[in-house]
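This report refers to the structure that appears directly beneath it.
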2 protein chains.
Amino acid sequence: MGTFRKTPDRGDVDAPSPESIDRDSDEPVYAQLVRIIRRQVADGVLRPGDQLPSEAQLCRRYGVSPMTVRRVVNILSDQGIVVGEQGRGTFIRPVELGDASFQLQRLQDLVGGDQPASVRLLQATIVGADRKTAEKLGCVPGQRLIYMRRLIEAEAGPVCYHVEYLVYDPARPVVEAEIATTSLQGLFGGPGQPLIKHGELSIEAVLLGDDEARLLQAPPPAAGLRIEHLFFAYDERPMSWGWFLCRGDRLRFGSRVGISQEHLAPEGKSVDEP
Amino acid sequence: MGTFRKTPDRGDVDAPSPESIDRDSDEPVYAQLVRIIRRQVADGVLRPGDQLPSEAQLCRRYGVSPMTVRRVVNILSDQGIVVGEQGRGTFIRPVELGDASFQLQRLQDLVGGDQPASVRLLQATIVGADRKTAEKLGCVPGQRLIYMRRLIEAEAGPVCYHVEYLVYDPARPVVEAEIATTSLQGLFGGPGQPLIKHGELSIEAVLLGDDEARLLQAPPPAAGLRIEHLFFAYDERPMSWGWFLCRGDRLRFGSRVGISQEHLAPEGKSVDEP
DNA sequence: TAGTGGTCTAGACCACTTA
DNA sequence: AAGTGGTCTAGACCACTAG
């Protein structure tokens, strides 16, 4: 590569006098330094392609130990703010569209407006597995399954329709609380199913069927978000298969890339790359 | 809380003799230890609620320094595998539905089958901003904008339809390459727009309009995934607004929660929580 | 050769929890 | 009081990149 601006000249930016570390603060030193550097990026003092001061320089500059600086750089790297290159330096990374990620966690927040969403159990019966379900769950057709249908309702009306097939195993009885779940918290985490080892999920856009549209009170044709989930037990056998159908017009996931001006609250974590 | 199993008794699991650190390996010590513990979780040797050996124990057990163990625990914490509690210990976290996250990055991978996807520029003209667009971009209606429409095609046919409005600023000329972008790489990152400071994105399910359905060769009514993006320049003013419309049946984002058995490749990073 | 990031050590002090 | 995680230090060695 060519030349780098270690100390970029930005006539259009009035660089604030460099913040320093407050040893009396409750905020850990490493977190302060992360915040300071993020702030410099947010203010445009540091821009994509610019080289971060070397670790030794940062040590002298802020009066902290090499390990602490290392930790800070790791965190910034994990956050996608900078990228380190052996023997060359650490550089500010440009913003990329692909950085965006949508957290399923947000579904709880989004659904819950002022009032927390309620979960209504529509059905919970024993059924025999049909062909497709048997395939998903890796069992024989006709296998006894627990079939559940739930409706998640917010203030504005129904938002999500949830269908789930649970493998019925007498040796591993399903606790009643697991079925009668009436809160999103119960569906999403908390002391949920302690027998789940891992799961695979996918998300896609679909047309709502007639029954589904009716339940969600959406006049057809209507689009919905379909979140499918397949959970595995500790013996690596599929244990639960199902999906959420969410009204497209009542559910939206958001994400940010880069650092916006306002976003200056004390932030997360850390970092390392093998 | 009650009692914890520091050394859980699992008659049903044959715990493999504990792996040890290979100092001659190219794999860093901390990465090895992360892998070892992840493996124990994957094998069910460590289960949700179990307490991880204390840091001092891990030091003795694997013959590494406290700082290295700390780094390992931080990484596991960042990955959501464990959660530390001051004064009590570090515990294996149960799998939660909300842990799932969908990376927009995957769009490139998903669209590209064997052949990389191609991007066809349908239109690139100067238009006057309508009311809604002006509102989004924070400019006056009638403001001159660059209006672009692109079609992203995979082997199987068209997948995404992209519409974008770019603020036209003579003082900040848009490079031709930016407009004529004919690759996903160009849209998603690489040496893309170096003038973007940050962006906001959202994803939702919508019904495709007639024109859109025709372009995507989907017989209406058809559902699609709509990914809207709004990018800001370094002066914090909106610079670009647009959205991707993707055929629901040709695009699906995937995610995993927990640790599956096969997933034993050397992994990511690290960690810290303020 | 000099500078850089990447890893690792062997301690230290603190706040917190539990008993 | 003992054990735990959380933070921080002041060095060290290495691999890599550059001039």
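Within every chain, numbering begins at 1; the chains are lettered A, B, ... in the order of the sequence lines, protein sequences first and strands thereafter.
Computed from coordinates, the A:R88 CZ to C:dG3 C1' distance equals 13 Å when rounded to whole Å. Between the C1' atom of C:dC14 and the CZ atom of A:R23 lies a distance of 14 Å, rounded to the nearest Å. Here the C1' atom of nucleotide D:dT4 and the CG atom of B:L52 are 12 Å apart, to the nearest Å. In this structure, CZ of A:R60 is placed 15 Å from P of D:dA10, rounded to the nearest angstrom. Following rounding to the nearest Å, A:M67 (CE) and C:dG5 (P) show an atom-to-atom distance of 15 Å. Remark: C1' of C:dT7 and CG of B:D22 are 15 Å apart, rounded to the nearest angstrom. In this structure, the CD atom of A:E27 is 20 Å from the P atom of C:dC14, given to the nearest Å. Rounded to whole Å, atom C1' of C:dT4 lies 10 Å from atom CD of A:Q57.
Stacking of B:R47 on the aromatic ring of A:Y234 is recorded, both the 6.0 Å distance cut-off and the 45° axial limit being met.
Under 4.0 angstrom from either OP1 or OP2 of C:dT9 there lies at least one side-chain N or O belonging to B:T68. For A:Y30, no side-chain nitrogen or oxygen approaches OP1 or OP2 of D:dC8 to under 4.0 Å. Side-chain N/O atoms of B:S65 include none lying less than 4.0 angstrom from OP1 or OP2 on C:dG11.
A:S202 and A:E200 are not linked by any side-chain donor-acceptor pair at a separation below 3.5 angstrom, with hydrogens and angles left out of the test.
For D:dG19, there is no paired base (Watson-Crick or G-U wobble, both distances below 3.5 Å).
Here D:dG5 is the nucleotide among D:dG5, D:dT9, C:dG5 with the atom lying nearest to any side-chain atom of B:E55. Distance from the side chain of B:P66 is smallest to C:dG11 among D:dC8, C:dC16, C:dG11. With C:dC8, C:dG5, D:dT9 as the candidates, the nucleotide lying closest to the side chain of A:S54 is C:dG5.
Each of B:G87 and A:V29 was assigned the nucleotide of DNA chain D with the nearest heavy atom; the assignment lying further toward the 5' end belongs to B:G87.
Across B:G63 and B:R23, no two heavy atoms sit closer than the pair O-NH1, 3.2 Å.
Salt bridge annotation for A:R93-A:D99: present, with a cationic side-chain nitrogen under 4.0 angstrom from a carboxylate oxygen.
Under the 6.0 Å cut-off for aromatic ring centres, A:H198 and A:F231 do not qualify, their centroids lying 6.0 Å or more apart.
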